[in-house]
S.K.: 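For reference, the structure I am asking about is given below.
These values consider heavy atoms only, across backbone and side chains, with no hydrogens, waters or symmetry-generated copies. Keep in mind that what you see is a predicted model, and the values were worked out from it rather than measured.
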Number of protein chains: 2
Amino acid sequence: MDALTIHEAASTTGWSARMLRYVERAGLIEPRRSAAGYRLYGPEELQRLRTLRELLDQNDVSLTEVGFALRLRRDEELSAALEGWFEEEPARPVDVPAADWLLWEQDKHEKLLAAATLHATQMMETR
Amino acid sequence: MDALTIHEAASTTGWSARMLRYVERAGLIEPRRSAAGYRLYGPEELQRLRTLRELLDQNDVSLTEVGFALRLRRDEELSAALEGWFEEEPARPVDVPAADWLLWEQDKHEKLLAAATLHATQMMETR
DNA sequence: CGAACCTTACCACGATCGTGTCAAGGTTTG
DNA sequence: CAAACCTTGACACGATCGTGGTAAGGTTCG
């Protein structure tokens, strides 16, 4: 057999066996398994483990953040939603006159009401 | 004055004042300040606060994750590093004597290789 | 067979996240 | 001036993260 078991992979990459399982659970590096369920790390996985360490050390990024980036990369819907939010129009809605806006400075009730209508119109706009 | 103070903004958006400061510290929404340093939330910020809440609720994402996505978006170097890691060649180095590797468990290896190539082509297709 | 591996599933524990609250002090306004 | 805001900073606290350990049980190999 030619692939490394978890402890062997750990000692050659500098990770702990515990962390290798953690990395796997984060979806970052998933080694194949032997018939009995043993994790088998091939050269590809070892390479990725080493570069993953570099990535973390050099870019001040955490394991879970890398995991999230991976999720972003795979979940197109999610990344589109985020992208949409980041690019949300900073322009104030023009068809909602400032009157509503000013009016709403009175007391809490009116404030809430105005906010509700504003919210509604904004939602209609974004649809 | 055309903007809301923090507690007003809180009650119209459903966030707490505490969380508004938290959101600001996460770099997500930074309202302008009055001369005395009071946070002033305009309609634009209120809009973003509401859509931020929707974003979190509908996409099972955390505030810090959105913050990280923003960081990714701004830090081109970081996102390039991550991108590089994700696309790291799954192909084994050819100049390293492949003998060991190739000998070693051919059936599985071929499966792996096939999967890797498939993955690569898929990725190329989506670009 | 027995030693030395591997597996999953827990307990532990400091660090950070998400959130509230409180304190000490400046600002606005009736 | 005093009430009612705002500010930053701190303490608190359950939940999760990052990491180590241990226990109970299956696998591999000399």
S.K.: Less than 4.5 Å apart, side chain to side chain, heavy atoms only: is that true for B:Glu88 and A:Glu44?
M.R.: no
S.K.: In whole Å, I'd like the distance from the CG atom of B:Leu20 to the P atom of D:dC6.
M.R.: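 It works out to 11 Å between those atoms.
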S.K.: Taking N and O atoms by type only, does the side chain of B:Tyr38 place a donor or acceptor under 3.5 Å from a partner on the base of C:dG26?
M.R.: yes
S.K.: Could you state the CG-P distance from B:Leu4 to D:dC5, rounded to the nearest angstrom?
M.R.: 14 Å
S.K.: Among D:dG18, D:dG20, C:dT8, which nucleotide sits nearest the side chain of A:Thr64?
M.R.: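 From the listed options, D:dG18 comes nearest.
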S.K.: Which residue lies toward the 5' end of DNA chain C, B:Ser16 or B:Ala36, if each is placed at its nearest nucleotide?
M.R.: B:Ser16
S.K.: Using the side chain to side chain contact (heavy atoms under 4.5 Å, CB included) definition, which of the options B:Leu72, B:Val66, B:Leu70, B:Thr64 pairs with B:Phe68?
M.R.: B:Leu72
S.K.: State whether B:Ser34 places a side-chain N or O below 4.0 Å from either non-bridging phosphate oxygen (OP1 or OP2) of D:dC6.
M.R.: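 Indeed not, no polar side-chain atom of B:Ser34 lies that close.
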S.K.: Identify, between B:His7 and A:Arg25, the residue whose nearest nucleotide on DNA chain D lies closer to the 5' end.
M.R.: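 Nearest-nucleotide comparison on DNA chain D picks B:His7.
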S.K.: A:Arg18 side chain: which of C:dT7, D:dG20, C:dT27 is closest?
M.R.: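 The nucleotide sitting nearest to the side chain is D:dG20.
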S.K.: Indicate yes or no for a side-chain donor-acceptor contact from A:Asn59 to the backbone of A:Val61 under 3.5 Å, with no hydrogens or angles considered.
M.R.: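 Not at all, since once roles are kept as given, no pair shorter than 3.5 Å links the two residues.
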S.K.: I'd like to know if B:Glu45 and B:Arg39 make a salt bridge, using a cut-off of under 4.0 Å between side-chain N and carboxylate O.
M.R.: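 No, this pair does not count.
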S.K.: Counting only side-chain heavy atoms from C-beta out, which of C:dT27, C:dC5, C:dG18 sits nearest to A:Thr5?
M.R.: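 The closest nucleotide is C:dC5.
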S.K.: Taking the minimum atom-to-atom distance to the side chain of A:Tyr22, which one of D:dG18, C:dC10, C:dT19 wins?
M.R.: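 From the listed options, D:dG18 comes nearest.
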S.K.: Which whole-number value in Å describes the distance from B:Leu28 CG to C:dG18 P?
M.R.: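 Taking atom P of C:dG18 as the reference, CG of B:Leu28 is at 10 Å.
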S.K.: Identify which nucleotide among D:dT19, C:dG20, D:dT8 has an atom closest to any side-chain atom of B:Arg39, counting heavy atoms from C-beta outward.
M.R.: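 So the side chain of B:Arg39 is nearest to D:dT8.
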S.K.: Rounded to whole angstrom units, what separation is found between the CD atom of A:Glu24 and the P atom of D:dT19?
M.R.: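 After rounding, the reported distance stands at 16 Å.
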S.K.: May I have the distance from A:Phe68 (atom CZ) to C:dT16 (atom C1'), rounded to whole angstrom?
M.R.: 17 Å
S.K.: Salt bridge check, A:Arg33 against A:Glu24: does any charged N sit closer than 4.0 Å to a carboxylate O?
M.R.: yes
S.K.: Could you tell me how far apart B:Glu30 (CD) and D:dT7 (C1') are, to the nearest whole angstrom?
M.R.: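 From B:Glu30 CD to D:dT7 C1': 17 Å.
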S.K.: Give the rounded distance in Å between these two atoms: CZ of B:Arg21 and P of C:dG20.
M.R.: 12 Å
S.K.: Could you tell me the separation between the CG atom of B:Leu63 and the P atom of C:dC17, rounded to a whole number of Å?
M.R.: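 The answer, rounded to whole Å, is 11 Å.
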